Visitor: 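Encoded as structure tokens, here's the structure I'll be asking about.
A quick note: this is a predicted structure, and the numbers were derived from the prediction, not measured. What you see below is based on every heavy atom in this structure, not just the backbone, and it leaves out hydrogens, waters and symmetry mates. Proteins get letters first, then strands, A, B, ... in listed order; numbering begins at 1 in each.
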There are 2 protein chains.
Amino acid sequence: MLKMSKLTDYGTLVLAQLAKESKLSSAHKVARATHLGQPTVSKLLKTLAHAGLVISERGAQGGYTLARPAIEISAAEIIDALEGPVAITECSSIKGHCDLQSNCQVATAWQKINFGIRRALSEVSLVDLQTPVELLATPNLKAYLASPTNLKGQQ
Amino acid sequence: MLKMSKLTDYGTLVLAQLAKESKLSSAHKVARATHLGQPTVSKLLKTLAHAGLVISERGAQGGYTLARPAIEISAAEIIDALEGPVAITECSSIKGHCDLQSNCQVATAWQKINFGIRRALSEVSLVDLQTPVELLATPNLKAYLASPTNLKGQQ
DNA sequence: TTCATATAGTACCATTTTAGTTCTATTTAA
DNA sequence: TTAAATAGAACTAAAATGGTACTATATGAA
């Protein structure tokens with residue numbers, strides 16, 4: 001699976017909808033536009049507000065708006081906000097806190113892969129997510145693993 | 001979280017252990033070497049055998065061995081075997097099968113990202129996972145999204 | 001002032017997924 | 001014949017997920 005939860009998927013829709021509006025949008029309005037349930041949208045927006053990705057205004061005529069321009073909101077931040085930090089294995093988030101640690105030969109590489117994916121996601125913005133793209137080429141993780149000094153050429 | 005399950009993590013340990021042995025190893029032996037529970041290892045090996053990553057031999061003196069050299073077993077295959085196909089969003093695995101499809105502005109990009117991560121994982125082998133690496137550089141997904149024609153230079 | 005609108009926060013529940021175990025059947029070498 | 005070993009299915013407990021409900025609070029406007 002290695003997949004996002006539905007809520008993260010929905011959250012991206014919600015953020016994309018907010019990106020279209022310049023003014024405050026209420027949860028109700030966003031729900032209508034995205035065809036998602038209003039309570040669900042409300043919950044998502046609360047979480048996103050808590051994470052600092054959206055700003056809320058309470059009271060009548062209140063609502064939500066993006067805290068930053070869409071170009072400055074990354075895919076990694078969206079996932080972080082709605083699912084907690086990206087961690088492909090459990091022990092990659094908390095170093096040296098695993099019973100198997102002393103016997104585990106493979107943790108390090110999974111951690112590196114996790115880190116690579118995370119950084120990759122941090123370079124994709126909400127704008128990128130909204131824009132249909134023709135083709136996504138393959139990031140060559142294996143080449144990176146084999147020859148880390150190649151990094152500069154890739155940036 | 002975007003993380004693997006514990007079992008996939010364990011499965012990698014199991015495969016790494018098999019890679020160390022030239023002969024058949026029983027589930028019991030692998031369990032001892034990896035410090036995992038024997039029933040759990042047994043279940044993992046059955047699944048891995050079903051996926052074709054290991055070969056089993058029944059009866060006394062039976063056991064498991066890698067179906068292919070470790071260099072030819074990819075991280076993507078391991079995840080596929082133990083968790084099903086990698087799919088960062090639900091609708092990325094089954095095209096055009098989503099209620100929100102007509103309203104969903106962002107599905108495509110997530111699908112592309114998913115595809116990129118999947119391909120990246122397919123280029124990391126079990127050998128890479130066993131070998132400690134110094135640094136994993138960042139695959140530049142955003143650059144790929146922006147200029148897909150850059151692909152050739154990366155391979 | 002009052003009220004309708006709207007977010008904040010928490011708690012809750014049903015469903016699904018996950019992790020792990022157990023049991024029976026079958027195979028095979030000694 | 002028997003012990004060792006995998007095959008396969010079923011089962012259970014615990015955790016995560018998706019969604020809802022409820023109370024409290026803030027604010028603009030009649």
Visitor: State which of D:dT6, C:dT21, D:dG19 makes the closest approach to the side chain of A:K6.
Guide: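 Closest nucleotide to the A:K6 side chain: D:dG19.
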Visitor: Would you indicate which nucleotide in D:dT6, C:dG20, C:dT28 comes nearest to any side-chain atom of B:A60?
Guide: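 Per side-chain heavy atoms of B:A60, the pick is C:dT28.
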Visitor: Whole angstroms only, please: what is the CG-P distance between A:L7 and D:dG19?
Guide: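 From A:L7 CG to D:dG19 P: 6 Å.
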Visitor: Would you indicate what A:G59 reaches in the nucleic acid, counting non-hydrogen atoms under 4.0 angstrom: base, sugar-phosphate, or nothing?
Guide: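 Touches a base.
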Visitor: Out of D:dT20, D:dG28, C:dT21, which has the shortest distance to the side chain of A:Q61?
Guide: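 Nearest to the side chain of A:Q61 among the choices is D:dG28.
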Visitor: Any chance you could measure A:Y64, atom OH, to A:S56, atom OG, to the nearest 0.5 Å?
Guide: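 It is 5.5 Å, given to the nearest 0.5 Å.
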Visitor: Using a cut-off of less than 4.0 Å, is there contact between a side-chain N or O of A:T40 and OP1 or OP2 of D:dT20?
Guide: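 Yes, such a contact exists.
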Visitor: Does the side chain of B:L18 come within less than 4.5 Å of B:L48's, by heavy atoms?
Guide: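 Of all side-chain heavy-atom pairs linking B:L18 with B:L48, none is under 4.5 Å.
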Visitor: Take the protein atom NZ of A:K23 and the nucleotide atom P of D:dG28, then report the distance between them rounded to whole Å.
Guide: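 A:K23 atom NZ is separated from D:dG28 atom P by 16 Å.
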Visitor: Could you tell me whether a side-chain N or O of B:E77 sits under 3.5 Å from a main-chain N or O of B:S74, the two making a donor and an acceptor?
Guide: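 Checking the backbone N and O of B:S74 against the side chain of B:E77, a donor-acceptor pair under 3.5 Å is found.
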Visitor: Between residues 44-57 of chain A and DNA chain D, which residues have a heavy-atom gap below 4.0 Å?
Guide: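 Hits under 4.0 Å, by residue number: none.
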Visitor: Between atom NZ in B:K29 and atom P in D:dA5, what is the gap in whole Å?
Guide: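 That distance rounds to 10 Å.
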Visitor: Figure out the CG/P separation between A:D9 and D:dT17, and round it to whole Å.
Guide: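 Computing the A:D9:CG to D:dT17:P distance gives 14 Å.
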Visitor: Which is it for A:T8 and A:E83 under the side chain to side chain donor-acceptor pair (under 3.5 Å) test, yes or no, and what are the steps along the way?
Guide: CA-CA 7 Å; A:T8 303; A:E83 311 196 36; 2.6 Å; yes
Visitor: Nearest whole angstrom, please: distance from the P of D:dA7 to the NE2 of B:H28.
Guide: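 Those two atoms, NE2 and P, are 17 Å apart.
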Visitor: To the nearest Å, give me how far apart CG (A:L82) and P (D:dA16) are.
Guide: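 After rounding, the gap between these two atoms is 17 Å.
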Visitor: Does A:Y64 put a side-chain nitrogen or oxygen below 4.0 Å from OP1 or OP2 of C:dA8?
Guide: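 Yes, because at least one side-chain N or O of A:Y64 sits under 4.0 Å from OP1 or OP2 of C:dA8.
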Visitor: Just to verify, which of A:L44, A:I78, A:I79 counts as forming a side-chain contact (heavy atoms from CB on, under 4.5 Å) with A:T12?
Guide: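 Of the listed residues A:L44, A:I78, A:I79, the side-chain contact (heavy atoms from CB on, under 4.5 Å) partner of A:T12 is A:I78.
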Visitor: I need the NZ-P distance between B:K43 and D:dA9, as an integer number of Å.
Guide: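 My rounded result for the distance is 13 Å.
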Visitor: How would you label the contact of A:G63 with the nucleic acid (heavy atoms, under 4.0 Å): base, sugar-phosphate, or nothing?
Guide: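 Since only primed, P, OP1 and OP2 atoms lie under 4.0 Å of A:G63, the category is sugar-phosphate.
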Visitor: With sequence neighbours excluded, give me every salt bridge (Lys or Arg N to Asp or Glu O under 4.0 Å) pair touching residues 24-40 of chain A.
Guide: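 For residues 24-40 of chain A: A:E21-A:K29.
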Visitor: Between C:dT5, D:dT17, C:dG20, which nucleotide has the shortest distance from any of its atoms to the side chain of A:S5?
Guide: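 Nucleotide nearest to A:S5's side chain: D:dT17.
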Visitor: Tell me, please, which residues at least two apart from B:T65 pass side-chain contact (heavy atoms from CB on, under 4.5 Å).
Guide: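 By the side-chain contact (heavy atoms from CB on, under 4.5 Å) rule, B:T65 matches B:L24, B:I55.
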Visitor: Can you identify which nucleotide, out of D:dA7, D:dG28, C:dA29, has its nearest atom closest to the B:R58 side chain?
Guide: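 The answer is D:dA7, which lies nearest to the side chain.
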